[in-house]
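Have a look at the structure below before the remarks.
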Amino acid sequence: YVGLYDALVNALNDTNQRASWRSQVDELRQAIARDPSAADGIGEAFALERGQEAADDLMEMLFGFDAAAVGKTPDEAKNGALVRIIRWMDDDDLTYRVLASSNWDEITGKRLFGNYRPEQNDAQRKRALRHHWDRLEKGELAVKEEAKP
């Protein structure tokens, strides 16, 4: 797969690959960590499939969000990246939902929170995401603390 990212990018939009989504996101991130110029190839693969605007969003999610982007206090979190992530978790595009869900899990430390799954239909997603919006509004979401060495 050296320099060829189409298969991994396409797999993020395939419900038959759902068991591998996390490892595929990790593989894309590891490719960038090994060779930062890989981000260009991955971005081009996203752009080819979804257009440049979507590619920009997807690459932002692939790079992830630091504590400053998320917000360190409940009030900051209400205006930080979590808002965009929740919206992306309800996007019509499965790739958005897969990457957004991956970021959500990493940021909050809560996997399958509110029974959300990226492959759910529109009604199921909306029902699951109500929990996310409610917890965010109540200030109950915090950035997962990194383990101290």
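Atom CG of Asp66 has more than 12 neighbouring heavy atoms from other residues, nucleotides or ligands inside a 6.0 Å radius.
Residues meeting the side-chain contact (heavy atoms from CB on, under 4.5 Å) test with Asp75, sequence neighbours left out: Thr73, Lys78. Listed by chain and residue number, nothing satisfies the salt bridge (charged side-chain N to carboxylate O under 4.0 Å, His left out) test with Arg130 (two or more places apart in sequence, or in another chain).
Side-chain atoms of Ser101 do not come within 3.5 Å of backbone N or O of Val98 as any donor-acceptor pair. Looking at Asn103, its side chain does come within 3.5 Å of a backbone N or O of Met61 through a donor-acceptor pair. Counting only distance, with no hydrogens or angles, the side chain of Gln120 and the backbone of Arg117 share a donor-acceptor pair below 3.5 Å. Looking at Arg97, its side chain does come within 3.5 Å of a backbone N or O of Asp91 through a donor-acceptor pair. Between the side chain of Glu76 and the main chain of Lys72, a donor-acceptor pair closer than 3.5 Å is present.
For the pair Trp88/Asp93, no side-chain contact is recorded, criterion being any heavy-atom separation below 4.5 Å from C-beta on. For the pair Phe46 and Leu99, the minimum side-chain heavy-atom distance is below 4.5 Å. Side-chain contact between Tyr96 and Arg87 is absent, with no heavy-atom pair separated by less than 4.5 Å. For the pair Trp133/Val83, a side-chain contact is recorded, criterion being any heavy-atom separation below 4.5 Å from C-beta on. By the 4.5 Å heavy-atom criterion applied to side chains, Ser102 and Trp21 are not counted as neighbours.
Across every non-hydrogen atom of Ala123 and Asn121, the tightest pair is N-OD1, 3.1 Å.
Look at Glu27 and Arg22 and you find no salt bridge, because none of the NZ, NE, NH1 or NH2 atoms lies under 4.0 Å from a carboxylate O.
A side chain to side chain contact (heavy atoms under 4.5 Å, CB included) with Leu12 is found for one member of Leu62, Leu94, Val25 and no other, namely Val25.
Met59 and Leu48 fall into different hydrophobic clusters, defined by Ile, Leu, Val, Met, Phe, Trp and Tyr side-chain heavy atoms under 4.5 Å apart, directly or through other members.
Using the six-membered ring where Trp is involved, Tyr116 and His132 have ring planes that are perpendicular, over 60° apart on the 30 and 60° scheme.
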Just list the side-chain donor-acceptor pairs under 3.5 Å for residues 38-45, sequence neighbours left out, or say none.
none

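For the 3.5 Å distance criterion, the side chains of Gln30 and Asp26 fail to qualify, holding no donor opposite an acceptor.
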